[in-house]
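In listed order, ligands and their atoms are each counted from 1.
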Amino acid sequence: MKPRSASARRRSWLLSAAAAGVVAAGSLAVVGPAEAASTLGASAAQTGRYYGAAIAAGRLGDSTYTRILTTEFNSVTAENEMKWDATEPSQGRFTYTNGDRILNQGIAMGAKVRGHALLWHQQQPGWAQSLSGTALRNAAINHVTQVATHYRGKIHTWDVVNEAFADGGSGARRDSNLQRTGNDWIEAAFRAARTADPAAKLCYNDYNTDGINAKSTGIYNMVRDFKARGVPIDCVGLQSHLGTSLDSTYQANIQRFADLGVDVQITELDVQQGGNQANIYGAVTRACLAVARCTGITVWGIRDTDSWRNDNPLLFDGSGNKKAAYTSVLNALNAGGPTTPPTTPPTTPPTSPPTGPCSATVSLNSWNGGYVATVRVNAGSTAVNGWNVTVPLPAGSAITGVWNATGSGTSGTVSFRNVSYNGQIPSSGYTEFGFQGTGSGPTGSLACAA
Ligand code: G3I
């Protein structure tokens with residue numbers, strides 16, 4: 001989980017104080033406009049999420065574009081610059097100039113950077129299009145390894161495989177040169193990406209999956225199978241290129257993927273302009289906020305004139321003005337944020353935040369010889385102020401790296417305690433830390449002490 005800003009931590013403390021005040025005063029504070037965040041990124045960050053945009057290196061010299069980008073968004077995705085044709089124009093010759101411009105723009109903004117996309121049947125360089133069989137498989141896996149290694153440690157999420165399922169009612173894989181190298185090409189790509197960049201979240205990304213339908217069910221079955229067999233997958237990207245209505249099962253579809261133990265990201269959102277555009281944008285936002293594992297939303301461009309579509313599908317018009325859809329998203333993000341302080345502060349603030357018990361669960365991404373474990377620390381009905389999680393490791397397992405916690409020991413039973421920025425967890429909230437190790441990951445139950 002991203003370290004929370006000082007203002008978020010302050011808000012969290014005030015939340016605890018507010019909760020105490022509520023009990024004493026017997027009245028509930030509601031979110032007021034004075035406390036609502038005023039940009040998309042800041043309002044999404046209130047619930048630990050990001051709000052991002054796909055950006056193009058060629059537009060970064062446009063001052064209106066860059067002003068909106070740096071003001072509003074806290075995540076960026078390379079619209080085209082990290083694709084196969086852009087990064088490996090001839091076999092074995094890698095060019096990262098434009099991909100690095102996207103990365104550096106994101107770093108300069110303090111934004112999360114999404115990598116898009118390592119393997120896709122479109123936008124392949126000509127040399128790859130003319131390969132097949134083992135030669136193509138080897139070239140594809142080498143591409144994943146090289147690009148993910150170049151960006152190792154800097155990419156928040158990779159779309160490892162893009163659009164590999166067929167449209168229509170089959171729920172089957174799409175035919176492509178990659179698919180013809182063997183059905184295991186997707187899992188081979190995920191394993192290679194994990195090895196090259198263990199810290200990046202690895203996503204499968206597709207379109208026409210914006211509800212429970214045959215295509216999304218095909219993907220659901222693949223993810224369930226990957227989780228059962230330990231293929232390293234962390235998230236599913238629902239592109240959400242939308243028309244004039246939203247599938248009534250949109251949220252239920254997000255939820256069913258989350259229930260498999262992967263994050264969901266809305267990765268390429270745009271909505272046809274028409275009477276319903278603002279409502280659909282709002283409904284998508286609310287659906288994501290309603291699912292804890294829906295961790296962020298990306299719109300596929302900034303202004304209508306930056307879009308790959310010609311039906312004005314974005315949040316800003318061609319002059320950079322905010323549209324009704326923008327307001328709809330911002331309001332939905334703020335409504336979904338944490339309860340804000342009461343309008344009048346409690347007269348006697350608590351001297352120390354209340355604390356209660358915690359619990360912890362682990363999700364594992366394993367490969368032959370290693371694993372990455374993500375541990376979620378949950379507060380109960382009372383806020384937690386400091387936590388310690390004990391993890392029994394199987395014989396032969398050794399920890400090689402820890403993030404968002406301080407570890408004690410590397411084998412046997414190891415313990416992890418909070419770091420400065422994630423010790424306080426609001427009631428019913430959670431935080432996450434992770435560690436990487438060799439051998440097999442933990443499978444037993446974890447103990448949490450607060
Ligand atoms: O940069 C060249 C330019 O030099 C040349 O003169 C011009 C002539 O056609 O082409 C320009 O490249 C275009 C590129 O966008 C940049 O504008 C490509 O032709 C064009 O094919 C490419 O389209 C991209 C498309 O993916 C490729 O399939 C869109 O920008 C991009 O938004 C779109 O993004 C995809 C996601 O990756 C996957 N999901 C669907 C989404 C929308 O199609």
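Less than 4.0 angstrom separates some heavy atom of N162 from each of these atoms of ligand 1: 38 (C).
For atom 33 (C) of ligand 1, the candidate residues are E268, Q122, R59, K83; the nearest heavy-atom contact is made by K83. Heavy-atom proximity to atom 24 (C) of ligand 1, evaluated over N80, T267, D306, T77, is greatest for N80.
Nearest approach of R286 to A332, heavy atoms of both residues: CG-CB, 4.0 Å.
Note on R67 versus D62: no salt bridge recorded, every NZ/NE/NH1/NH2 to OD/OE distance being 4.0 Å or above. The residues R194 and D234 are annotated as salt-bridged, a charged nitrogen and a carboxylate oxygen being separated by less than 4.0 angstrom. The pair D304-K323 counts as a salt bridge, with a side-chain nitrogen and a carboxylate oxygen less than 4.0 angstrom apart.
Within a 4.0 Å radius of atom 18 (C) of ligand 1, the protein contributes no heavy atom. Protein heavy atoms are found inside the 4.0 Å sphere centred on atom 28 (O) of ligand 1. Atom 39 (N) of ligand 1 is flagged as protein-proximal [any protein heavy atom, distance under 4.0 Å]. The nearest protein heavy atom to atom 43 (O) of ligand 1 is closer than 4.0 Å. Taking a distance limit of 4.0 Å, we find that atom 21 (O) of ligand 1 is approached by no protein heavy atom. For atom 6 (O) of ligand 1, no protein heavy-atom neighbour is present inside the 4.0 Å cut-off.
At a 4.0 Å cut-off, at least one heavy atom of H241 sits close enough to ligand 1 to count as contact.
Within the 4.0 Å heavy-atom criterion, the part of W120 lying near ligand 1 is the side chain and not the backbone. In N205, neither the side chain nor the backbone holds a heavy atom less than 4.0 Å from any atom of ligand 1.
Checked by atom type, the side-chain pair Y50/Q265 shows a donor-acceptor distance below 3.5 Å.
Ring pair Y96/F94 is parallel by interplanar angle, where below 30° counts as parallel and above 60° as perpendicular. Aromatic ring pairs are classed by plane angle as parallel below 30°, tilted from 30° to 60° and perpendicular above 60°; the pair F416 and F435 is parallel.
Taking the six-membered ring where the residue is Trp, the centroids of H241 and W308 are separated by under 6.0 Å.
The N/O atoms of W308, backbone and side chain alike, include none that comes under 3.5 Å of an N/O atom in ligand 1.
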